[in-house]
Amino acid sequence: MLQTLPPWSVRTGARCIGFEQSTAILEDGERVEADVLVGADGIASAIRQALHGKAAPVYAGYTCWRGICRDDGSLPDGSAILAVGHGMQCGIWHCGEGQIYWFVTKNAPEGTAGGKAEVLALCRNWAPPIPGVVESTPSDSIIQNDILDRPPLRKWGLGRATLLGDAAHAATPNLGQGACQALEDAVVLAHCLRAEQPVDAALRAYERLRIPRTAAIVNNSRRTGRILQLDQPALEWLRNSVSASPLGRRMERRLFRQLLFYPLPKL
Ligand SMILES: Cc1cc2nc3c(=O)[nH]c(=O)nc-3n(C[C@H](O)[C@H](O)[C@H](O)COP(=O)(O)OP(=O)(O)OC[C@H]3O[C@@H](n4cnc5c(N)ncnc54)[C@H](O)[C@@H]3O)c2cc1C
C-alpha cells in the first residue's frame, strides 16, 4: 500500500492532538491543512475526543492473550477451532506463510497481567492442539490486551471532519470485525467523496451509510462476548445446548449472512 502512495503522503512520528475544521494540529504545534480530515487514530482517538469529549473505553470484563506460532500440522488444513469454556475462549486458525494464530481469553479484573506461564496454566487441560500451539509460541511474541469497546455514537463528524475505524466504532473482537469494518468504512468513504459534492455533504452521506451497520456490529460483538464468556454453569449449559441445536445453527447462519454479505459500492 505504501508503495502505491506518493512519498509525501505518509508521515510517521507525528502525534495529532486535535483539529480545527479540516486542519490537523500536531503535538509540536505544526498545522496540517487539508480538504478533508479523517480521524482514523484508533480506540483512543484524539479526533474523536475533540469531536465528542473525553470518555474512556469500556472494559468488557475479560483479557486476551494472542500469539503466532509455526504450523506443525496439528491443525488440519482448512479447519479452525473456537473452544469455549468456563469464562474462557480459545481460537486457533491458519494465518498464512506456514503459521498459526491463536488467542485465549479469560474473565479477569481490568489490568490483570500475565504471560505465557499464565496462559498455559489456563489451557493446559484443554484438548489438543490448544496447549501445544501456546507451548510452541516464543514468550516474547505473546501479547495481552484487556478487551475494550465504546458505545456506538449517533453522529461521527462535523463539517469537513469525520471518523473511521476504531476511532468511530471500537468493538470487542468476538465477531472478528474491527479491522474488517475499518476497511469497509474506507471503501464507502472513497465512494462518497467521489459521488457527492460538497465535501461535508459527502462525509454526512458516508456516516449515514456506515453508522447503522457498525453500531449493530459493536452491540452484537459485545453481546456475543458476554455469551461466550459465561461463567455460571447453568447458563453455560443453556448456551451449549442452544448453540448445538438446529435453532442455534440457524441463528449462527443468520449472523454470518449479516456480517459477510454487505453490498459495497464499486470504486
Ligand atoms: C484481541 C483482539 C483481537 C482482534 N481480532 C480481530 C479480528 O480477528 N478481525 C478484525 O477485523 N479485527 C480484529 N481486532 C480489531 C482490530 O485490531 C481493530 O479494529 C483495528 O486495528 C482498527 O484499525 P484502526 O486503523 O481503526 O485503528 P488502529 O489499528 O488502532 O490504528 C490507529 C493508528 O493511529 C495511530 N494513532 C493513534 N493516535 C494517534 C495520534 N494522536 N496521532 C497520530 N496517530 C495516532 C496509531 O499509532 C495507529 O497506527 C482485534 C482486536 C483485538 C484487541
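Both counts, for ligands and for their atoms, begin at 1 and track the order of listing. What you see is a predicted model, and the numbers here were worked out from it, not measured in a lab.
For Ala46, no nitrogen or oxygen atom sits less than 3.5 Å from a nitrogen or oxygen atom of ligand 1, counting backbone and side chain alike. In terms of polar-atom proximity, defined here as any N/O pair under 3.5 Å, Cys180 does make such a contact with ligand 1. Among the atoms of Cys64, none of the N or O lies under 3.5 angstrom from an N or O of ligand 1. For Tyr101, no nitrogen or oxygen atom sits less than 3.5 Å from a nitrogen or oxygen atom of ligand 1, counting backbone and side chain alike.
Atom 53 (C) of ligand 1 has as its closest protein heavy atom Arg66 NH2, 3.7 Å. The protein atom (non-hydrogen) at minimum distance from atom 11 (O) of ligand 1 is Ala179 N, 2.9 Å. In terms of protein heavy atoms, atom 24 (P) of ligand 1 is closest to Asp166 N, 4.2 Å. The nearest heavy-atom contact from the protein to atom 28 (P) of ligand 1 is Gly42 CA, 4.2 Å. Closest to atom 50 (C) of ligand 1 among all protein heavy atoms lies Pro173 CB, 3.8 Å. The protein heavy-atom contact nearest to atom 25 (O) of ligand 1 is Ala40 O, 4.3 Å. For atom 36 (N) of ligand 1, the nearest protein heavy atom (residue, atom name, distance) is Asp41 CB, 3.9 Å. Protein heavy atom nearest atom 43 (C) of ligand 1, with residue, atom name and distance: Ala14 O, 3.4 Å.
A cation-pi arrangement is not found for Arg66 relative to Tyr101, the charged atom failing to lie both closer than 6.0 Å to the ring centre and inside a 45° cone about the ring normal.
Side-chain rings of His169 and Trp156 approach one another, their centers coming within less than 6.0 Å.
Distance check for atom 19 (O) of ligand 1: a protein heavy atom is found below 4.0 Å. For atom 8 (O) of ligand 1, a protein heavy-atom neighbour is present inside the 4.0 Å cut-off. Protein non-hydrogen atoms do not reach within 4.0 Å of atom 47 (O) of ligand 1.
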> What do the steps show when you test Arg48 against Arg150 for side-chain contact (heavy atoms from CB on, under 4.5 Å), and what is the final call?
Replying inline: CA-CA 11 Å; Arg48 179 188 174 117; Arg150 287 186 180 277; 3.3 Å; yes
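Taking 4.5 Å as the limit, some side-chain heavy atom of Ile147 sits within range of a side-chain heavy atom of Pro173. Taking 4.5 Å as the limit, every side-chain heavy atom of Ser141 sits out of range of all side-chain heavy atoms of Ile68. Two residues are said to be in side-chain contact when any heavy atoms from C-beta on lie closer than 4.5 Å; Cys180 and Ile217 fail this criterion. Looking at Arg249 and Pro246, their side chains never come closer than 4.5 Å, going by heavy atoms from C-beta outward. Under the 4.5 Å side-chain criterion, counting only non-hydrogen atoms from C-beta, Val32 is not in contact with Thr23.
Which parts of ligand 1 touch Gly165 is read off a 4.0 Å heavy-atom cut-off, strictly below it: atoms 26 (O). The atoms of ligand 1 that sit less than 4.0 Å from any heavy atom of Gly178 are 10 (C), 11 (O), 12 (N), 15 (C), 19 (O). The atoms of ligand 1 that sit less than 4.0 Å from any heavy atom of Gln177 are 10 (C), 11 (O).
Using bins of under 30°, 30° to 60° and over 60° for the plane-to-plane angle, the ring pair Trp93/Phe103 lands in the perpendicular bin.
Looking at Cys16 against ligand 1, both its backbone and its side chain come within 4.0 Å, counting heavy atoms.
To the nearest 0.5 Å, the span separating CG on Asp35 from OG on Ser22 amounts to 6.5 Å. Note that CG of Leu267 is 8.0 Å distant from NE2 of His191, once rounded to the nearest 0.5 Å.
Paired with Leu163 under the rule side-chain contact (heavy atoms from CB on, under 4.5 Å), one option of Lys155, Arg210, His52, Glu207 passes, and it is His52.
Ala171 does not count as a contact of ligand 1, since none of its heavy atoms falls under 4.0 Å from the ligand.
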